[in-house]
Amino acid sequence: MDQKEQILHYHRIDGLSLREISRRVGLNRKTVTRYVREYEASIREDPEEGLDICLASKPKYPARNVECTRMTEPVCAEIEYWLQENAKRRQTGMRKQCLKKQDIHRVLIEKGFNISYSSVCKYIQRRKAEKSKKPKDVFVKQYYEPGQECEFDWGEVKLRIGGKPMTFTMAVFALCHSEGRWAYLFRHQDNLAFMESHRNFFHDVHGVPHTMVYDNMKVAVILKPDGKKPTETLLRMRTFYGFDYRFCNARAGWEKGHVERSYSHGSWTFDINHYLGTLTKKPGALKGSVALRQMPEKMQELFRVHFAENGKDFLKLLKYCRDNKYDYKDILDAVKKIRMRGARHINFDQIKVALETRDAAPLVFTDNQKTDEFIEIELGSEDVLSQLDGIMQGTAAERRCEQ
């Protein structure tokens, strides 16, 4: 406050320059300039009390948005594990066994993560704020071939046996195609239960899924600073049974689709235009989505042949057509015209041009435009087309002879 008053005194009474004021008070010239500009703005708003308002106001500093460089995905996954574990313990009345922030930080340090305590606190605080807002998650329902994937997770079951409440661990398997569920109860959530549950499940379904999906459970995943690693138990089972494995992203253990509307008993209908925003952010989900499989067969063929490796452009095409009132028939007609011109590879720009010029009138040249060069080019073009026509007719004749 004293420095601010001194700066304004030098400016108002002594009429010193900003450079001289900065030198006398020992502050950065930008700081001095900010105080003077603040004073001038206050005087313009209230000539009588502007000075007092300016002197009474507290200095404002721009907010610093510093991104933490140590908060990697494995660190986030480990913190999320303990947050979920704390939630389970609170639900079962084990509040005193919950890990505090400093305990979680200690566990991270013991596992070799280089992370500060303040970063852990900020992350936990941010996650609490996100949960309080209760955002709605949007998922893209995927299509799975029979036996392609199976998801595994742990659960808890509370039973009363002999009049005493008891808690059991439940190993749950869910087949992604049929959505069939199998569950097995155990006393402990350990490696032995992990292996025995898989053995029982494979025996009961008379087979082994192609891919098993796990979240960040400790019996399956080792979280290290350089990423996720499978445990020795999981590797041994994979070698013995021959299945592949996949780990879910942090905080997304069950990546299932979102149902749009049911038109008849037992059937789901999806409009891909309702998911363009979500798919644009996650274009990798397009290829296996149910929404794509429910498009017309010709549109699916267009995606498979020309856009399978570039889903973003396919989504860009759908969004462009939706915004400009084009339907699937318009797209397919444009593709047909492009193919008739001899194009082997079709992209978004070609279809866009074909759509925008489909109603354009043919070019008509006046007699003044038909110069000697024009006529020469025209005759040369007709000659090339004649040769191509002869080649095509000859090929067709050869095919008829062969038949």
Side-chain angles (χ1 to χ4, degrees), residues 71-89 91-92 97 99 104 107-108 110-113 115 127 137 139 142 144-145 147-157 167-205 207-256 284-285 288:
M71 192 59 67
T72 59
E73 182 182 352
V75 173
C76 297
E78 182 69 19
I79 297 176
E80 286 296 326
Y81 170 80
W82 287 112
L83 292 179
Q84 294 174 8
E85 188 66 22
N86 286 347
K88 292 180 181 179
R89 293 179 182 181
Q91 291 176 358
T92 56
Q97 281 71 37
L99 268 64
I104 296 177
V107 171
L108 289 169
E110 291 176 352
K111 290 193 172 185
F113 295 104
I115 188 74
R127 291 292 294 131
D137 293 329
F139 301 97
Q142 298 288 295
Y144 300 93
E145 296 292 340
Q148 178 183 351
E149 284 197 1
C150 177
E151 297 173 349
F152 173 86
D153 200 6
W154 294 111
E156 285 188 352
V157 175
T167 301
F168 291 87
T169 293
M170 179 172 62
V172 183
F173 296 83
L175 290 172
C176 297
H177 175 79
S178 64
E179 296 189 356
R181 265 63 169 179
W182 283 260
Y184 307 91
L185 295 182
F186 298 92
R187 294 301 300 269
H188 303 286
Q189 191 180 121
D190 52 17
N191 288 331
L192 183 61
F194 184 62
M195 292 187 293
E196 186 175 346
S197 63
H198 282 68
R199 182 200 64 183
N200 295 341
F201 170 68
F202 296 151
H203 178 269
D204 291 342
V205 299
V208 178
H210 181 274
T211 303
M212 294 296 301
V213 184
Y214 306 95
D215 59 12
N216 296 319
M217 57 187 65
K218 291 196 170 184
V219 291
V221 184
I222 301 175
L223 299 174
K224 292 187 175 183
D226 58 344
K228 302 177 184 179
K229 306 294 182 182
T231 61
E232 183 180 352
T233 301
L234 178 57
L235 290 176
R236 290 170 57 190
M237 286 201 305
R238 193 271 297 270
T239 301
F240 183 80
Y241 289 105
F243 62 81
D244 199 358
Y245 60 83
R246 179 170 65 83
F247 299 134
C248 293
N249 294 323
R251 306 179 296 280
W254 297 92
E255 298 171 337
K256 291 185 178 295

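Count residues from 1 along the sequence.
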Is any side-chain heavy atom of S197 closer than 4.5 Å to a side-chain heavy atom of F173?
-> yes
In this structure, are over 12 heavy atoms from other groups packed under 6.0 Å from E110 atom CD?
-> yes
May I ask you to say whether K88 pairs ionically with E156, meaning some side-chain N is under 4.0 Å from a carboxylate O?
-> no
Atom pair CD/CD of E179 and E151 - distance to nearest 0.5 Å = 9.5 Å
With side chains defined as the heavy atoms from C-beta onward, is the minimum distance between M195 and M237 less than 4.5 Å?
-> yes
Quick one: SG on C150 to NE2 on H198, what's the gap to the nearest 0.5 Å?
-> 7.5 Å
Shortest non-hydrogen contact from P74 toward L223 = O-CD1, 4.1 Å
Working to the nearest 0.5 Å, report the span between CD of E80 and CD1 of I104.
-> 9.5 Å
What heavy-atom pair brings L108 and I79 nearest, and what distance separates the two atoms?
-> CD1-CG1, 3.9 Å
Residues passing the side chain to side chain contact (heavy atoms under 4.5 Å, CB included) test with V208, sequence neighbours excluded, are F202, Y241, F243
Determine, using ring centers only, whether W182 and F201 are less than 6.0 Å apart.
-> yes
Atom pair CD1/CD of I222 and E232 - distance to nearest 0.5 Å | 8.5 Å
What's the spacing between T233 OG1 and K218 NZ if we round to 0.5 Å?
-> 14.0 Å
Give a yes or no answer on whether the side chain of T211 reaches the backbone of E149 with a donor-acceptor pair at less than 3.5 Å.
-> no
For V219 and Q189, the nearest pair of non-hydrogen atoms, with its separation, is CG1-O, 4.4 Å
Reported NE2-to-CZ distance for the pair H210 and R246, which is rounded to 0.5 angstrom = 12.0 Å
The single option from F247, Y245, Y184, F194 passing ring-ring contact (aromatic ring centres under 6.0 Å, His included) against F152 | F194
Side chains of R238 and M212: does their closest heavy-atom pair fall under 4.5 Å?
-> no
State, to 0.1 Å, how close M71 and C76 come at their nearest heavy-atom pair, and which atoms those are.
-> CG-SG, 3.5 Å
Identify the heavy atoms of R187 and T169 that sit nearest to each other, and give their distance.
-> O-OG1, 4.5 Å
For residues L234 and A220, report the shortest heavy-atom separation together with the two atoms involved.
-> CD2-O, 3.5 Å
Hey, is the main chain of L99 close enough, under 3.5 Å, to the side chain of N86 for a donor-acceptor pair?
-> yes
